[in-house]
Amino acid sequence: MLLNILFIIGGIILVLWGADRLTDGAVGIAERMNIPQLIIGLTIVAMGTSMPEFCVSLVSAIKGTPDMAVGNVIGSNIFNTLLIVGVAALVTPITILRNTVRKDIPFAMLASVWLIVLCYNGNLSRLDSVTLLLLFIVFMYITLKGAKEKGSKGEREQGNEDSLSTGSSPEDANLAPPLPSAPTPLWKSIGLIVLGLACLIGGSNIFVEGATYVATTFGISDAIIGLTVVAMGTSLPELATTVVAARKGNSGIAIGNVLGSNVFNILMVLGLTGFISPMQISGITLVDYTILIGSLAMLWLFSFTKLTIQRWEGAALTAVFLTYLVWLIWQI
């Protein structure tokens with residue numbers, strides 16, 4: 001038993017470290033291809049923080065524990081929305097962007113509702129997974145289009161400011177090339193990607209083996225293990241990002257990361273997992289689905305109040321999560 005608990009801890013460490021190395025390598029290659037940093041952040045880095053969920057869910061599905069795979073995603077999203085946002089708001093009130101209220105939260109809600117519709121019959125087929133992936137493509141198109149428009153607007157405003165201060169035109173201001181930065185060597189970026197993938201795959205296998213053994217030994221269902229231990233473990237990147245941002249007074253930035261991760265988890269993680277290995281789902285209950293939707297509804301409601309999540313609202317989100325966690329433990 002002790003060995004399998006060490007497998008769980010070691011697997012989490014390997015998965016998180018591997019995701020970090022994979023992201024570093026991918027960013028290095030993207031920078032060599034002159035891909036804008038904003039696009040890198042919205043795609044590669046965002047996907048990197050969801051790689052632990054993807055690898056653990058995929059390995060779980062392939063090894064015949066689909067409830068753990070789906071429970072991992074649902075539990076991670078609940079953990080993100082209730083506990084991570086709640087703790088961040090307790091540290092400092094969070095300012096919410098209008099775009100988050102108008103686009104990010106509604107899209108996360110849409111993805112969650114559609115997942116429940118697909119899983120209602122206890123089956124996530126390849127056709128179901130394709131619809132998730134198509135929604136993911138739509139989400140990425142809208143996100144990247146908005147980022148490009150925002151970036152173009154910012155460049156025009158900066159160009160106008162420069163022309164006013166120097167007497168030159170915006171076109172002249174854009175002619176000056178940015179100071180070159182030392183790019184990561186290609187061989188190093190490729191090596192980081194290979195190392196990261198190896199750690200992700202190896203860590204996921206070790207983690208799932210250990211979690212499955214512990215669940216079987218204590219008679220705990222795969223779904224509950226997925227909703228708790230696995231979900232919390234794979235959500236550590238989002239937790240770390242939000243805590244650091246909150247300490248620096250930029251916790252509002254992390255809300256976009258949390259919501260983006262929620263959408264990635266459902267549409268990309270379960271979309272790809274279900275397409276590769278269709279799943280029969282039996283252990284996820286109506287309570288789990290209700291908390292998934294209810295947590296987003298609470299976040300949406302709190303966001304409307306002066307576009308700020310106050311400390312008492314953070315406390316409410318945290319209290320709901322702790323209540324849900326107690327309920328899950330009670331089911332063991």
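These numbers come from the heavy atoms of this one structure, side chains and all, not from hydrogens, waters or symmetry mates.
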Taking all non-hydrogen atoms of both residues, which atom of [X] and which atom of [Y] are closest, and how far apart?
| X | Y | result |
| --- | --- | --- |
| Pro185 | Arg32 | CA-NH1, 4.1 Å |
| Ile309 | Ala89 | CG2-CB, 3.7 Å |
| Val101 | Ser303 | CG2-CB, 3.7 Å |
| Ile284 | Ile281 | CG1-CG2, 3.7 Å |
| Ile8 | Gly210 | CG1-C, 3.7 Å |
| Gly25 | Leu192 | CA-CB, 3.8 Å |

Going only through I, L, V, M, F, W and Y residues with side-chain contacts under 4.5 Å, is there a path from [X] to [Y]?
| X | Y | answer |
| --- | --- | --- |
| Leu127 | Val70 | no |
| Ile225 | Phe218 | yes |
| Ile291 | Leu328 | yes |
| Phe321 | Leu90 | no |
| Tyr120 | Val130 | no |

Run the side-chain hydrogen bond (donor to acceptor under 3.5 Å, both in side chains) check on Ser221 and Asp67 step by step: do they pass?
CA-CA 8 Å; Ser221 70; Asp67 284 341; over 6 Å; no

Check whether any side-chain heavy atom of [X] lies under 4.5 Å from a side-chain heavy atom of [Y], and answer yes or no.
| X | Y | result |
| --- | --- | --- |
| Asn123 | Met279 | no |
| Ser112 | Tyr289 | no |
| Thr318 | Leu82 | no |
| Leu325 | Thr228 | yes |
| Thr308 | Ile96 | no |

Return the set of residues passing ring-ring contact (aromatic ring centres under 6.0 Å, His included) with Phe7 (not counting sequence neighbours), or none when no residue passes.
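Counting only residues at least two positions away or on another chain, Phe7 forms no ring-ring contact (aromatic ring centres under 6.0 Å, His included).
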
Cluster companions of Trp17 among Ile, Leu, Val, Met, Phe, Trp, Tyr (side-chain spacing under 4.5 Å):
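Answer for Trp17: Leu195.
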
Value rounded to 0.5 Å, distance of [atom1] in [X] from [atom2] in [Y]:
| X | Y | atom1 | atom2 | value |
| --- | --- | --- | --- | --- |
| Ile329 | Gln331 | CD1 | CD | 11.0 Å |
| Ile94 | Thr92 | CD1 | OG1 | 8.0 Å |
| Phe302 | Leu307 | CZ | CG | 14.5 Å |
| Asn265 | Ile74 | CG | CD1 | 11.0 Å |
| Met140 | Leu133 | CE | CG | 13.0 Å |
| Asn80 | Leu259 | CG | CG | 9.0 Å |

Is the Phe136 to Phe264 ring centre distance short of 6.0 Å?
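Between Phe264 and Phe136, which both carry aromatic rings, the centre distance is below 6.0 Å.
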
Please find out if less than 6.0 Å separates the ring center of Tyr324 from that of Trp330.
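Ring centroids of Tyr324 and Trp330 are no less than 6.0 Å from each other.
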
Is it true that Asp128 and Thr131 share a donor-acceptor pair across their side chains at a distance under 3.5 Å?
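No pair is found: no donor N or O on one side chain lies under 3.5 Å from an acceptor on the other.
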
Would you say the side chains of Thr81 and Asn262 form a donor-acceptor pair under 3.5 Å?
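Present: a donor and an acceptor within the cut-off.
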
Carefully, step by step, assess Met298 and Glu313 under the rule side-chain contact (heavy atoms from CB on, under 4.5 Å).
CA-CA 9 Å; Met298 286 182 67; Glu313 294 170 327; over 6 Å; no

Measure from the side-chain N and O atoms of [X] to the backbone N and O of [Y], and report whether any donor-acceptor pair falls under 3.5 Å.
| X | Y | value |
| --- | --- | --- |
| Arg311 | Val91 | yes |
| Ser295 | Leu292 | yes |
| Asn72 | Met68 | no |
| Asp288 | Thr285 | yes |

When the side chains of residues 267-276 are checked against the rest of the protein, which donor-acceptor pairs come out under 3.5 Å, sequence neighbours left out?
{"residue": "Thr273", "atom": "OG1", "partner": "Val269", "partner atom": "O", "Å": "2.7"}

